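What follows is a set of notes on a single structure, which appears directly below.
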Amino acid sequence: MSRPQEPHRPFFHFANPFRKNSHKGSQFNPKRHSLLNDFETALSKKLQKLVPNDKGDILSLSWMKLAMESLSEIHCDIKNLITELDLPVTEWDEKWMDVYLDISVKLLDISIAFTSELTRLNQGHLLLQYGLHKLESDSPELFSRASSSLDSWKQHIGSKNPRVETCRPILEKLVESLNLPKVKNSSKGKELMRAMYGAKVATTYICSVFAAAFSGSSKNLLDLTVPNTLPWAQVFSDVQNTVNVEIRNILSCGKFTVLRDLDAVDACVKELSTLLQDGVGTSERESFKNSVSDLRKTEEKLSQGLDNLLKVVDSFFKIVLMGRDALLCNLRKAGGAVPDSVIGKNV
């Protein structure tokens with residue numbers, strides 16, 4: 001991976017979730033069970049927020065921002081749960097650590113792919129700005145340059161990003177990791193693994209939604225099945241069914257893009273392109289000015305939405321990176337061996 005690692009510093013106020021603590025027994029403990037219940041209740045609420053009142057909001061940049069923020073909160077909740085369970089790193093089963101570290105590096109990879117696509121989409125902002133500047137000059141002599149700039153924007157947005165193509169194999173590996181591991185002789189371990197399962201399901205699914213949106217392909221959209229005995233299972237099923245149906249409906253329309261904000265800009269660009277091709281005469285002046293104004297508004301909304309989403313994706317990257325670094329650091333302090341699966345995979 002090419003992303004440089006920033007100097008280690010605390011990103012959050014809670015304590016290191018992987019710190020070494022004294023063992024306080026592994027028998028059933030009502031308080032620890034309550035911690036798991038609290039985590040799963042919070043998970044249900046975060047998932048429920050992904051079903052908007054208006055289905056038309058699904059795949060808007062604001063909705064995607066909410067989804068990524070929810071995912072970041074779920075990962076923070078997991079770190080807090082580890083802290084509260086007081087399970088020292090020396091008592092982590094080697095398989096748990098192997099799975100945790102292997103998943104974390106995949107999440108870093110897929111976050112970088114998402115960042116790459118958001119950055120690429122944002123680069124089209126300059127082409128739109130240039131075109132709008134010429135259109136707003138109200139000089140017919142400059143309209144041909146504006147038209148060329150709008151065409152260049154559409155070609156840029158419509159091009160494929162090789163980074164996004166890497167998401168599919170990553171998602172397949174994440175799906176393979178979805179299981180409820182059997183944990184013996186450790187009630188803390190059972191509670192932790194059950195909570196981590198919920199986090200993995202939510203993470204894998206939301207990442208698949210982003211991959212489908214950025215690739216414009218339903219092949220990246222997952223349909224996951226979880227045990228109906230879990231308290232958040234029904235909520236997850238409702239969210240998945242609602243969101244997947246809407247996304248597949250959008251994809252089946254064969255639109256230029258499935259991202260709502262991007263599609264709104266494309267509609268304005270098409271309208272203006274038609275006006276420019278037909279010629280802007282005296283009778284079309286008012287309609288032309290309104291179309292330029294609409295493009296300005298949708299372009300500004302798109303730019304702001306991309307910037308905001310880019311920030312929360314970067315925040316998620318840092319959350320995953322911090323958790324990974326904390327575990328590796330405490331493994332070394334405790335004299336434990338780093339699992340073979342992560343040797344040579346340092347970010």
Side-chain angles (χ1 to χ4, degrees), residues 47-71 109-124 153-175 178 201-226 235-271 273 298-299 301-302 305-306 308-310 312-313:
L47 290 171
Q48 186 62 55
K49 288 193 299 184
L50 300 185
V51 179
N53 294 327
D54 183 357
K55 292 181 181 179
D57 289 336
I58 294 174
L59 288 193
S60 66
L61 293 177
S62 60
W63 180 86
M64 293 178 74
K65 176 176 177 284
L66 173 65
M68 188 55 68
E69 286 174 338
S70 297
L71 194 52
D109 283 338
I110 206 166
S111 295
I112 288 175
F114 294 162
T115 296
S116 171
E117 178 62 6
L118 289 168
T119 300
R120 188 186 72 84
L121 293 176
N122 229 346
Q123 288 170 347
W153 173 81
K154 191 154 188 173
Q155 290 176 11
H156 173 78
I157 296 300
S159 61
K160 297 294 184 181
N161 184 350
R163 284 275 195 182
V164 175
E165 301 304 312
T166 67
C167 292
R168 180 63 185 178
I170 295 174
L171 289 171
E172 290 174 350
K173 291 296 183 182
L174 289 176
V175 171
L178 294 180
V201 168
T203 300
T204 302
Y205 175 66
I206 291 175
C207 284
S208 83
V209 169
F210 273 60
F214 290 147
S215 67
S217 172
S218 59
K219 293 181 180 179
N220 288 322
L221 190 62
L222 298 175
D223 294 284
L224 303 176
T225 302
V226 300
V235 173
F236 174 75
S237 179
D238 293 343
V239 171
Q240 182 174 243
N241 290 340
T242 301
V243 173
N244 283 10
V245 167
E246 183 63 20
I247 292 177
R248 289 190 172 109
N249 284 340
I250 297 172
L251 289 169
S252 66
C253 294
K255 289 189 176 183
F256 172 63
T257 174
V258 298
L259 297 176
R260 303 281 191 181
D261 305 70
L262 200 58
D263 184 56
V265 172
D266 180 54
C268 291
V269 168
K270 284 181 178 178
E271 184 175 346
S273 296
T298 56
E299 180 272 335
K301 183 181 178 182
L302 172 65
L306 289 172
N308 290 338
L309 183 53
L310 189 58
V312 295
V313 170

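Treat the numbers as computed from the prediction; the structure is a model and nothing was measured.
Between L221 and S208, some side-chain heavy-atom pair lies under the 4.5 Å cut-off. Counting heavy atoms from C-beta on, the side chains of R163 and T115 never come closer than 4.5 Å. Contact of the L59 side chain with the I247 side chain is registered, since non-hydrogen atoms from C-beta on lie closer than 4.5 Å. Taking 4.5 Å as the limit, some side-chain heavy atom of L121 sits within range of a side-chain heavy atom of L259. Counting heavy atoms from C-beta outward, T166 and D109 have side chains that stay 4.5 Å or more apart. Taking the side chain as every heavy atom from C-beta outward, L178 and L174 never approach each other to under 4.5 Å.
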Handout entry: Intermediate values then yes/no, side-chain contact (heavy atoms from CB on, under 4.5 Å), S60 and D261
Key = CA-CA 6 Å; S60 66; D261 305 70; 3.8 Å; yes
Exercise for the section: Given side-chain contact (heavy atoms from CB on, under 4.5 Å), test C167 with F210 step by step and report yes or no. Expected result: CA-CA 10 Å; C167 292; F210 273 60; over 6 Å; no
Problem - Stepwise side-chain contact (heavy atoms from CB on, under 4.5 Å) check, S62 with D57 - result: CA-CA 8 Å; S62 60; D57 289 336; 5.8 Å; no
Practice task
Assess whether side-chain contact (heavy atoms from CB on, under 4.5 Å) is satisfied between D266 and L262, documenting all intermediate values.
Solution key: CA-CA 6 Å; D266 180 54; L262 200 58; over 6 Å; no
Practice task
Decide yes or no on side-chain hydrogen bond (donor to acceptor under 3.5 Å, both in side chains) for S116 and N161, but give the supporting numbers first.
Solution key: CA-CA 8 Å; S116 171; N161 184 350; 3.2 Å; yes
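When the side-chain hydrogen bond (donor to acceptor under 3.5 Å, both in side chains) test is applied to S273, no partner is found at least two apart in sequence or on another chain. Remark: T298 engages no residue in a side-chain hydrogen bond (donor to acceptor under 3.5 Å, both in side chains) (not counting sequence neighbours). Residues meeting the side-chain contact (heavy atoms from CB on, under 4.5 Å) test with K173, sequence neighbours left out: K106, E176. Every residue was checked against the salt bridge (charged side-chain N to carboxylate O under 4.0 Å, His left out) condition with E271, not counting sequence neighbours, and none meets it. For Q48, the side-chain contact (heavy atoms from CB on, under 4.5 Å) partners two or more places apart in sequence, or in a different chain, are V51, V235. Annotation: salt bridge (charged side-chain N to carboxylate O under 4.0 Å, His left out) contacts of D223 (sequence neighbours excluded): R248.
Distance check, rounded to the nearest 0.5 Å: CG of N244 to CG of N249 gives 10.5 Å. Taken to the nearest 0.5 Å, the CD1 atom of I206 stands 10.5 Å off from the CE atom of M64. Taking CG of L310 as the reference point, atom CE of M68 lies at 11.0 Å (rounded to 0.5 Å). I157 contributes atom CD1, which lies 11.0 Å from atom NZ of K154 (distance to the nearest 0.5 angstrom). Interatomic distance, K55 NZ to I250 CD1, rounded to the nearest 0.5 Å: 11.5 Å. We find the OG1-CG distance between T203 and L71 to be 4.0 Å, quoted to the nearest 0.5 Å.
Across all their heavy atoms, G216 and L251 have their closest contact at O-CD2, 3.4 Å. Residues A211 and L171 approach most closely at CB-CD1, 3.9 Å, considering heavy atoms. When all heavy atoms of W63 and L50 are compared, the closest pair comes out as NE1-O, 2.9 Å. Nearest heavy atom pair, residue Y205 against residue V239, reads OH-O, 4.2 Å. Across all non-hydrogen atoms, the minimal contact from S215 to V164 is CB-CG1, 3.7 Å.
Between the side chain of Q240 and the main chain of L224, a donor-acceptor pair closer than 3.5 Å is present. In this structure a side-chain-to-backbone donor-acceptor pair under 3.5 Å is present from R260 to I58. For N122 (side chain) and L118 (main-chain N/O), no donor-acceptor pair under 3.5 Å exists by modelled atom type.
Partner C207 forms a side chain to side chain contact (heavy atoms under 4.5 Å, CB included) with one of I110, I170, N220 and no other, that one being I110.
At a cut-off of 3.5 Å, with distance as the only test, a side-chain donor of S159 or R120 sits close to an acceptor on the other residue.
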